[in-house]
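Before any comments, here is the structure.
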Amino acid sequence: MDQKTIISTENLVKTYKDNGMEAKAVRGISLEITSGEFTAVVGPSGSGKTTFLNLISGLDTPTKGTVMINNKLISEMKGKELSDFRRDNIGFVFQSYNLIPVLTVEENIEYIMLLQNVPKSERHERVIKILEEVGLSGLETRRPTQLSGGQQQRVAIARAMVSNPTLILADEPTANLDSEMGSELLKMMKVLNETTGMTFLFSTHDEMIMDRARRLITLKDGLVKTDEIR
Amino acid sequence: MIILKIAFRNIFRQKRRSILTALSMFGGFFLSAFFIGFSDGSYNTIISMFTSNNLGHIQIHENTYLDKPSLYKTINNYEEVLQKLAEIKGVKSYSPRIFSAGIVSVGDKSSGARIFGVDQSKEIKTTNFDKKIIKGKVFSGEEAYEVIIGEGLSKILKAEIGEELVVISQGADGSIANDAYKITGISKSGNEIEDRVTMYLPLKVAQELLVLEGRVHEIAITVGNLNSVNKINELVSKKINSEEIEAVPWQVFAKSFYDAMQADVAGMWVMLVIIMFVVAIGVLNTVLMSVLERRREYGLLKAMGTKPKDIIKLILTEINILAFICIILGSVAGFGINLLLSKHGIAMPEPITYGGMKFQYMTSEVNLRSFLIPAVIVFVSATIVGFFPALKAAKTDPAKAMRTH
């Protein structure tokens, strides 16, 4: 794995057992993603996109194979080590925004920094800065229910990025948004990718994301069908 | 801090559910506080009737008297003992007594009777002797040849105030003891069985009748605080420092009564366990539902790096904040009801008979333990039952939870 490689998977396999039946969601994926990439993982439903992202993030453990992020073998990590690694290195953006409903915009964004024991003044400074970057200045005290779907997803992106993780994993981030909002959001993420150099990895069905991605990995039946760099 | 913030706000998120959980905790606390206060109040009323109004809290006898009472087992230096008792802090009052049995008659009616020789002035201070006189009056003097008889005995003898009552008994010297006394009062102790056989004579008169000059069978002592009985009993034992006489607390000389009270107290604990169970079921039901509904949120928290122990802490904090609020509100309500019932009591539809004594009113009591025990019950039961849903939440698989819609 060279200096620029952020993610490296080796013969990644994930098998689920359901009522005694085995289902292979990922059948052996080996690939590398380098720093600053804006990559989309596409494929039909059941192709293994979400499972692949979960394996990369350490939310799920592989049945076989390895995952390395930043030269760390996370497929072998467990418990506190894994949870601390995830907190410090991976930012998540989910399809359904997944903000904590009882916290304000500012509190949602600073949550991970609180877990990292970042001092209060620095937390506030970083929240203000990131809100400006995602175009939500002035909405710090709002609750998620007081925001539109697009605004909520921007808060989720701000939360994912505010602690400067190595990697942003976004699972269908535009699926719940209309095309105009989705397009705006995508544009914003692209800008953030270019300005911060953070690595973005999407799983998506969205044509817009596919069009704008610098690299397009197509999965089919748990295997890489095509891997196209534009 | 963020855990506390989320926990606090979560309480107000599902108001109806929080109110339901709070109601079961509040109800449990209030019932327990009321139950303990009322039980303590009732027990103390009964103990007070048994001790302050009759037996005293501590008694001094000749060493073997309690096991086998006898006319001859006396305290021979009782005046000296009384002087020592006067020096002990915490001793409220004391009264020397003589007991014997005899046959009494008024006109052509006669009956068996228990003779009490009492020092009237001391007995009034110790057992409110004068309050027991329902007809007539107390003795006109400490050496008056007068007798006060129980209400039941007066009915048996068809005796009236002013009539003459003849007593036949046995003197301590082996002689036949007999004399006649003017009935000056009729008493009612609250114990119907005793009132059918009781007659009181002034102590000196009784000593003369039974040839027990300078001697008594018992010294009854009352103390200021019922809870200090055992401590004061030790002080009394030390002070009298005798191998011939002993001081014993009411739990010893009224053992069967004490055992019956202890059995009732055990019943109270059973009731508290039932209340704890009801609180636990109420809390478990609502917390479990809440945890299942928020599974996705716990998955998110874990995905972001929150540790399982912090998720357990979050859920337990939520429950404990609610329990704390309920304990405060329950304390106010419990204090109110116990204070009200300590002043006015509850009238029983039918008088309760306990150890031969009738109780028409039961009163409550305001004390610290009637708040502390329910607080512990609510806190502990809520925390224990909350722990299992919390553990379930802490074990949430983020990958699975995030797929939940």
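Lettering of chains follows the sequences in order, A, B, ..., and the numbering in each one begins at 1.
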Would you check if the side chain of Arg86(A) reaches a backbone N or O of Lys302(B) as a donor-acceptor pair within less than 3.5 Å? yes
Please test Leu115(A) against Ile2(B) for side chain to side chain contact (heavy atoms under 4.5 Å, CB included), starting from the C-alpha separation and ending with a verdict. CA-CA 9 Å; Leu115(A) 298 180; Ile2(B) 189 75; 5.5 Å; no
With a 4.5 angstrom heavy-atom cut-off, which part of Asp397(B) approaches chain A: side chain, backbone, both or neither? side chain
Evaluate whether atom NZ of Lys307(B) has more than 12 neighbouring non-hydrogen atoms of other residues, nucleotides or ligands under 6.0 angstrom away. yes
From the list Gly58(A), Ala160(A), Pro101(A), the residue making the most non-hydrogen contacts under 4.5 Å with chain B is Pro101(A)
Less than 3.5 Å apart, any donor N or O on the side chain of Arg296(B) or Ser96(A) sitting next to an acceptor on the other? yes
Start with the C-alpha distance between Leu301(B) and Tyr111(A), add both sets of side-chain angles, then the distance that settles side chain to side chain contact (heavy atoms under 4.5 Å, CB included), and finish with yes or no. CA-CA 9 Å; Leu301(B) 291 174; Tyr111(A) 184 83; 3.5 Å; yes
Could you tell me which portion of Asp84(A) (side chain, backbone, both or neither) has an atom closer than 4.5 angstrom to a non-hydrogen atom of chain B? side chain
Carefully, step by step, assess Lys309(B) and Lys80(A) under the rule side chain to side chain contact (heavy atoms under 4.5 Å, CB included). CA-CA 10 Å; Lys309(B) 73 171 171 54; Lys80(A) 186 178 181 300; over 6 Å; no
Counting neighbours of CZ on Phe335(B) that are heavy atoms of other residues, nucleotides or ligands and sit closer than 6.0 Å, is the number greater than 12? no
Which residue is it: Glu110(A), Glu106(A), Glu107(A)? I am looking for the one with a salt bridge (charged side-chain N to carboxylate O under 4.0 Å, His left out) to Lys5(B). Glu107(A)
Sort out for me which of Ser83(A), Ser163(A), Gly91(A) touches chain B most, counting heavy-atom pairs under 4.5 Å. Ser83(A)
Taking all non-hydrogen atoms of both residues, which atom of Arg9(B) and which atom of Thr104(A) are closest, and how far apart? NH1-N, 4.1 Å
Turns out that what part of Ile6(B) lies under 4.5 Å from chain A's heavy atoms comes down to both
Around atom CZ of Phe324(B), are there more than 12 heavy atoms from other residues, nucleotides or ligands closer than 6.0 Å? no
To the nearest 0.5 Å, what is the distance between CG on Leu300(B) and CZ on Phe92(A)? 9.5 Å
Highest number of heavy-atom pairs under 4.5 Å with chain B: which of Leu53(A), Leu82(A), Ile100(A)? Ile100(A)
Of the listed residues (Leu103(A), Leu114(A), Leu99(A), Ile90(A)), which shares the most heavy-atom pairs with chain B below a 4.5 Å separation? Leu103(A)
